[in-house]
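Comments concern the structure below.
Model, not experiment: these values are computed from the prediction. We're numbering straight along the sequence, starting at 1.
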Amino acid sequence: MDHELERFDVRAEDGAVRVIIAWQTFARTGGLSGSHILKDQRRYSLLNGAAVKYLGNDVFQETSSGEILHRIKE
């Protein structure tokens, strides 16, 4: 198993900037096609470990508080 990590900033409703860590798990098949992404293995969390749900269109929601977070485009 291999993992791909991504880190990016999001803006909370109160204007605070927070950091989301996104990761994806890959399985090595050993065949001609190489690696493939395991179904539904993309996960998100805040840097403090709080779980985050992706809502679409670069919008996320912290699952415990319900706070909406918008990805900051660079």
Side-chain angles (χ1 to χ4, degrees):
M1 297 286 226
D2 290 317
H3 304 283
E4 175 184 270
L5 296 173
E6 180 183 9
R7 176 183 167 157
F8 53 88
D9 294 331
V10 292
R11 187 169 313 281
E13 295 168 325
D14 65 0
V17 174
R18 302 175 71 188
V19 177
I20 286 183
I21 303 295
W23 68 96
Q24 204 164 3
T25 303
F26 295 85
R28 295 264 181 217
T29 61
L32 295 174
S33 62
S35 298
H36 69 279
I37 298 170
L38 295 174
K39 185 177 180 181
D40 299 325
Q41 290 297 312
R42 190 136 176 99
R43 302 285 186 255
Y44 303 92
S45 67
L46 290 173
L47 197 56
N48 68 5
V52 175
K53 178 180 176 182
Y54 179 63
L55 301 178
N57 295 324
D58 288 332
V59 178
F60 299 83
Q61 182 178 34
E62 184 178 348
T63 56
S64 61
S65 69
E67 182 177 33
I68 300 297
L69 308 163
H70 297 272
R71 186 173 183 163
I72 299 172
K73 302 275 183 150
E74 293 183 17

Rounded distance [0.5 Å steps], CD1 in I21 versus CD in E6:
9.5 Å
Search all heavy atoms of E67 against all heavy atoms of D14 and return the closest pair with its distance.
OE2-OD1, 4.4 Å
Would L46 end up clustered with L5 when hydrophobic side chains under 4.5 Å apart are linked, directly or stepwise?
no
What is the distance from atom CD of E62 to atom NZ of K53, rounded to the nearest 0.5 Å?
14.0 Å
Check whether Q61 reaches the backbone of G66 with its side chain - one donor and one acceptor, N or O, closer than 3.5 Å.
yes
Please work out which of the three classes, parallel, tilted or perpendicular, describes the rings of F8 and Y44, given edges at 30° and 60°.
perpendicular
Does a sphere of radius 6.0 Å around CG in N57 hold more than 12 heavy atoms from other residues, nucleotides or ligands, not counting ones at 6.0 Å or beyond?
no
CG-CG distance between D9 and L69, expressed to the nearest 0.5 angstrom:
11.5 Å
Treating Ile, Leu, Val, Met, Phe, Trp and Tyr as nodes and any side-chain heavy-atom pair under 4.5 angstrom as an edge, say whether L47 and W23 lie in one connected cluster.
yes
Within-4.5 Å side-chain heavy-atom neighbours: N48 and R18
yes
